[in-house]
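A short worksheet on the structure shown next.
Chain A is the first sequence line, chain B the second, and so forth, proteins listed ahead of strands; every chain is numbered from 1.
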2 protein chains.
Amino acid sequence: MARREQLILDTARDLIQREGLLTLQMSRLARACGLAVGTLYLHFDTKEDLLLALATGNAESRLGLFARAAAWNGPSRERLLAVAVADTLALEQAPELFRLHQYVLTEVVWNAASLRQRQRMLDATAPIQSLLDGIVARAIADGDLPDTHGMAARELVLGAWCQCLGMHTLAHAEGLLDSHEVRQPYRLLFKQLNLLLNGYGWLPLMAPVEDAAVAAQVERLCRHVFDLPLPFCVAHARRLAPDSRPATEASR
Amino acid sequence: MARREQLILDTARDLIQREGLLTLQMSRLARACGLAVGTLYLHFDTKEDLLLALATGNAESRLGLFARAAAWNGPSRERLLAVAVADTLALEQAPELFRLHQYVLTEVVWNAASLRQRQRMLDATAPIQSLLDGIVARAIADGDLPDTHGMAARELVLGAWCQCLGMHTLAHAEGLLDSHEVRQPYRLLFKQLNLLLNGYGWLPLMAPVEDAAVAAQVERLCRHVFDLPLPFCVAHARRLAPDSRPATEASR
DNA sequence: GCAGGCCGTGAATCGGATTCACAATCGCGC
DNA sequence: GCGCGATTGTGAATCCGATTCACGGCCTGC
């Protein structure tokens with residue numbers, strides 16, 4: 001029954017957020033759900049399938065935030081940035097889930113999951129593309145984006161997507177950015193995004209691109225579009241929300 | 001003995017390239033090396049440690065290519081792009097190894113590896129940063145980069161790094177880019193990089209940024225800097241080199 | 001030649017995902 | 001209400017593969 005599938009996914013999400021991806025076990029998950037192990041396998045072929053389903057459900061739930069960003073009635077350039085803000089907000093609420101997302105995109109998980117789940121994941125991201133396509137189309141129509149440099153809308157926004165994805169990835173590999181003396185990855189992300197949009201010639205250009213202006217922009221978007229304060233990771237943190245679960249043993 | 005450690009790593013690399021990351025087993029690796037399982041564990045605490053060591057060794061070996069790019073005596077802007085080309089060339093030669101890299105950056109592996117190996121990985125990437133720092137410093141000195149927008153050299157190049165990392169990640173998740181109708185991720189990557197550099201105001205600007213010009217630029221860099229032809233993935237492929245190992249079962 | 005330590009071995013152990021024989025429950029015809 | 005086949009849920013048993021460790025062989029110093 002669909003209700004039970006949801007229970008499993010919700011419980012799994014809880015467990016992962018509480019104890020980390022590393023320690024998720026099918027047997028403990030079953031116990032936490034009050035179900036037998038075998039029952040989990042009535043819903044999901046493998047553990048990888050379950051993880052992929054979880055990531056998919058998560059992507060679907062973020063869709064709401066993205067839609068809000070895309071529907072916001074502001075300048076086209078800021079609408080696109082608002083989507084990036086939505087992404088960051090979602091991540092800050094649930095950092096573990098990004099790690100999950102990153103993990104399932106890995107060959108080891110992706111190729112071990114069933115075609116069905118993979119397709120569901122792909123389907124779940126399609127609406128995001130439509131939203132982005134819409135933003136670009138509108139920008140072109142409004143004259144904010146005089147030149148697409150021969151790219152389709154989805155190719156164009158891929159640059160921003162890569163920027164976000166890359167930064168998330170680096171920000172999550174513990175110690176990696178520290179060792180490169182990068183202190184505020186998320187503020188840097190929005191700076192880079194503005195520079196990239198400037199490179200596209202997406203009007204109105206932001207010039208000069210400097211910390212204060214970028215922070216103000218992000219805060220404005222948070223407030224006007226989502227009615228939320230500036231996310232912690234943009235405001236102060238060197239990393240995502242402080243990790244509250246007990247530190248995993250550093251090594252053995 | 002160090003020689004034996006190298007044998008293990010080389011054999012592991014072979015196995016992964018031949019049969020994929022998914023199916024690497026310590027016992028089979030031991031057999032392939034002509035060693036006992038226990039012997040592997042004299043060198044590496046865990047499987048994750050071994051994978052991380054492999055990725056580290058790989059990063060070190062790519063350093064040669066990167067150094068060649070950085071040492072090339074061309075315009076500063078193209079020197080930076082040459083590093084991205086080096087990255088792409090290395091990946092094309094060994095796509096499995098990128099998947100490995102991506103996998104080890106994942107929480108599940110990264111946090112399961114020993115501190116020692118993690119530090120070695122971080123150390124291995126430090127020289128790359130120095131190379132990039134050097135390129136940026138030179139660009140500033142030469143007047144090619146009039147404004148760093150308040151960023152340190154390493155923050156600035158992080159944008160390009162994220163762009164590459166993000167695109168690699170997406171290009172490797174089978175079917176993901178196809179479903180978004182992105183046909184030539186690597187040509188697109190270099191286009192985006194040029195747009196980003198334009199956004200930085202890194203002279204000489206490329207304008208207009210179009211397919212033919214970008215392809216010509218990448219080919220020029222391959223030839224002049226590395227004495228190699230245009231990599232397949234930039235020239236034609238929708239993805240990295242055609243996958244020659246037997247297809248993993250799509251699902252169960 | 002011999003005791004002691006070191007190294008390499010691979011069979012045994014262990015953890016955890018997956019399966020499957022069985023039990024419980026259900027729906028239906030009588 | 002009752003019996004019976006079908007369907008669903010169970011969790012102990014199985015299986016796989018990473019990791020360990022008790023052993024045997026080798027080398028070194030005496």
Can you tell me how far [atom2] of [N] sits from [atom1] of [X], to the nearest Å?
| X | N | atom1 | atom2 | result |
| --- | --- | --- | --- | --- |
| A:Leu29 | C:dG16 | CG | P | 14 Å |
| B:Asp49 | D:dA18 | CG | C1' | 13 Å |
| A:Leu50 | C:dG16 | CG | P | 17 Å |
| B:Met26 | C:dG15 | CE | P | 18 Å |
| A:Glu48 | C:dT18 | CD | C1' | 11 Å |
| B:Leu22 | D:dG17 | CG | P | 11 Å |
| B:Leu51 | D:dT19 | CG | C1' | 15 Å |
| B:Glu5 | C:dC7 | CD | C1' | 16 Å |

Mind listing the closest non-hydrogen atom pair of [X] and [Y] along with its distance?
| X | Y | value |
| --- | --- | --- |
| B:Asp45 | B:Ser114 | OD2-CB, 4.2 Å |
| B:Leu230 | B:Cys222 | CA-SG, 4.1 Å |
| B:Leu65 | B:Phe226 | O-CE2, 3.5 Å |

Inset, instruction - Name the nucleic acid region contacted by B:Arg4, choosing base, sugar-phosphate or nothing; use a 4.0 angstrom heavy-atom cut-off, strictly under. - result: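 Counting heavy atoms under 4.0 Å across all strands, the contact made by B:Arg4 is with sugar-phosphate only.
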Legend entry - Sugar-phosphate only, base, or nothing, as touched by B:Leu24 at under 4.0 Å among non-hydrogen atoms: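 If one applies the 4.0 Å heavy-atom cut-off, B:Leu24 turns out to touch the sugar-phosphate alone, with no base involved.
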Inset, instruction - Measure the CG-CZ distance between B:Leu105 and A:Arg99 for me, rounded to the nearest 0.5 Å. - result: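 Going from CG on B:Leu105 over to CZ on A:Arg99, the span is 12.5 Å.
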Inset, instruction - Output yes when B:Arg120 and B:Asp123 qualify as a salt bridge under the 4.0 Å nitrogen-oxygen rule, no when they do not. - result: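 The answer is no: the pair does not qualify as a salt bridge.
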Legend entry - Non-neighbouring partners of B:Gln93 that pass side chain to side chain contact (heavy atoms under 4.5 Å, CB included), sequence neighbours left out: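 B:Gln93 satisfies side chain to side chain contact (heavy atoms under 4.5 Å, CB included) with no residue once adjacent residues are dropped.
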Legend entry - Close residues, residues 33-44 of chain B, relative to DNA chain D [heavy-atom separation under 4.0 Å]: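 Residues of residues 33-44 of chain B that come under 4.0 Å of DNA chain D are, in numerical order, B:Val37, B:Tyr41.
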